[in-house]
Amino acid sequence: MKVFYSDHFVLPLPEGHRFPMVKYSMLRERVAQDGICGQGELRTPRAVTDEEILRAHSPDYLKRVVSGTLTDKEVRRIGFPWSEKMVERSRRASGGTLGACLAALDEGFAANLAGGTHHAFSDRGEGYCVFNDSAIAARAVQAAGLVERVVIINTDVHQGNGTAAILHGDPTVFTFSVHGAKNFPFCKEESDLDAPLPDGAGDTAFLATLERGLETALDAANASLAIYLAGADPFEGDRLGRLSVTKSGLAERDRIVLETCRERKIPVAITMAGGYASEVVDTVDVHLQSIHRAADLLESAADRSKETHRT
Ligand SMILES: [Zn+2]
């Protein structure tokens with residue numbers, strides 16, 4: 001399976017910063033160790049261009065991000081100190097989602113070991129999100145004439161508020177978000193379909209809500225590409241999550257999303273979104289099981305097609 005990584009574009013953070021930057025390189029190392037990618041399939045994405053970013057963001061915001069002229073308040077809202085490296089990393093992370101979308105359209109599944117920066121709005125960033133990779137990638141594949149309709153499936157514990165706002169009123173991209181009702185962002189936006197959950201929901205309620213919402217979303221979306229935000233923060237050991245979903249519950253989430261899309265012949269690009277477990281290795285485990293599930297499904301599809309050719 002093709003997997004895109006950008007963890008070597010390091011974003012310099014002050015000592016003690018709470019963002020778990022190390023999860024990205026740990027995840028890439030485990031993806032490499034586990035043999036998920038064939039020769040040349042673990043790839044560095046290109047940076048998205050200004051033209052691509054401007055399909056999702058305002059010219060003024062892009063200009064101020066690139067030139068480092070955001071106000072202190074805007075920088076605080078993003079949560080990262082501004083640097084040229086921050087801009088480059090944000091472009092690469094969006095490039096990873098675009099690369100995963102293009103690879104998924106060819107092969108069924110692909111992943112970006114970053115992205116899911118769903119709190120970025122057209123004219124501002126927040127919650128560690130600078131550019132909205134989902135909106136940028138969806139509109140890039142549409143502009144290339146590869147797909148007409150896209151569905152964005154947010155299962156990160158935080159609502160995809162920036163994604164919902166950017167794509168609000170765009171009938172060609174359906175936004176679905178299952179998230180913690182009482183969690184950040186405290187002022188929610190309106191997705192095409194929102195499925196808020198109470199604190200401490202647990203596996204059963206989380207999965208039942210996801211399954212129901214997913215069917216409704218896919219029926220309404222009529223999409224030929226899905227972008228799946230497989231956030232690790234619904235996990236019970238997450239410091240910010242509060243949804244009390246177990247690792248096996250999250251593995252079941254991946255199975256439901258990926259198998260349902262496959263049954264409907266919808267290619268899926270997986271992105272990482274959040275994950276703030278007390279032990280970073282737990283976050284990495286949760287992300288890795290999403291990647292494994294997709295790779296296993298790809299492999300079983302390849303085996304089946306070999307069978308068909310033989311008989
Ligand atoms: Zn999150």
Side-chain angles (χ1 to χ4, degrees), residues 11 13 17-24 26-27 77-80 89-90 93-94 96-97 111-121 124-135 152-166 175-189 191 194-203 206-207 209-210 213 227-247 249-250 253-254 257 269-291:
L11 187 170
L13 292 180
H17 194 285
R18 66 190 297 196
F19 189 77
M21 197 59 77
V22 69
K23 89 169 183 184
Y24 297 99
M26 285 170 70
L27 182 58
R77 200 163 181 170
I78 288 171
F80 294 140
R89 186 185 165 94
S90 302
S94 289
T97 299
N112 178 16
L113 304 182
T117 44
H118 54 170
H119 302 311
F121 286 73
R124 70 175 192 271
E126 66 181 40
Y128 306 134
C129 302
V130 180
F131 298 137
N132 194 303
D133 62 315
S134 297
I152 299 175
I153 302 164
N154 179 83
T155 67
D156 186 274
V157 82
H158 303 106
Q159 193 208 27
N161 58 341
T163 312
I166 290 172
T175 54
F176 168 47
S177 183
V178 47
H179 53 259
K182 295 214 174 116
N183 215 318
F184 176 91
F186 302 108
C187 185
K188 305 285 191 287
E189 298 292 326
S191 311
D194 283 301
L197 286 161
D199 284 357
D203 289 6
F206 177 74
L207 294 169
T209 302
L210 168 69
I227 299 174
Y228 168 36
L229 283 76
D233 48 16
F235 174 56
E236 57 187 350
D238 196 275
R239 289 180 288 122
L240 308 180
R242 314 206 305 228
L243 275 194
S244 308
V245 181
T246 65
K247 271 186 200 174
L250 288 164
R253 166 196 69 171
D254 296 331
V257 172
I270 304 171
T271 67
M272 296 300 98
Y276 313 91
S278 314
E279 301 296 332
V280 71
V281 68
D282 286 329
T283 295
V284 174
D285 286 347
V286 172
H287 285 316
L288 190 68
Q289 53 187 29
S290 308
I291 313 279

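Both counts, for ligands and for their atoms, begin at 1 and track the order of listing.
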Before you tell me yes or no, could you show the steps for L250 and Q289 under side-chain contact (heavy atoms from CB on, under 4.5 Å), namely the whole-Å CA-CA distance, both residues' side-chain angles and the distance that decides it to 0.1 Å? CA-CA 8 Å; L250 288 164; Q289 53 187 29; 3.9 Å; yes
Would a 4.5 Å heavy-atom cut-off, applied to side chains only, mark D194 and Q159 as touching? yes
Test side-chain hydrogen bond (donor to acceptor under 3.5 Å, both in side chains) on N161 and H119 and set out the steps. CA-CA 6 Å; N161 58 341; H119 302 311; 2.8 Å; yes
Set out, in order, the CA-CA distance, both residues' side-chain angles and the distance that settles salt bridge (charged side-chain N to carboxylate O under 4.0 Å, His left out) for K247 and D285, then state yes or no. CA-CA 8 Å; K247 271 186 200 174; D285 286 347; 2.8 Å; yes
So which N/O/S atom does D233 have closest to the Zn ion (ligand 1)? OD2
What is the name of the N/O/S atom of D156 that is nearest to the Zn ion (ligand 1)? OD1
Looking at the Zn ion (ligand 1), is one of the N, O or S atoms of H158 less than 2.8 Å from it? yes
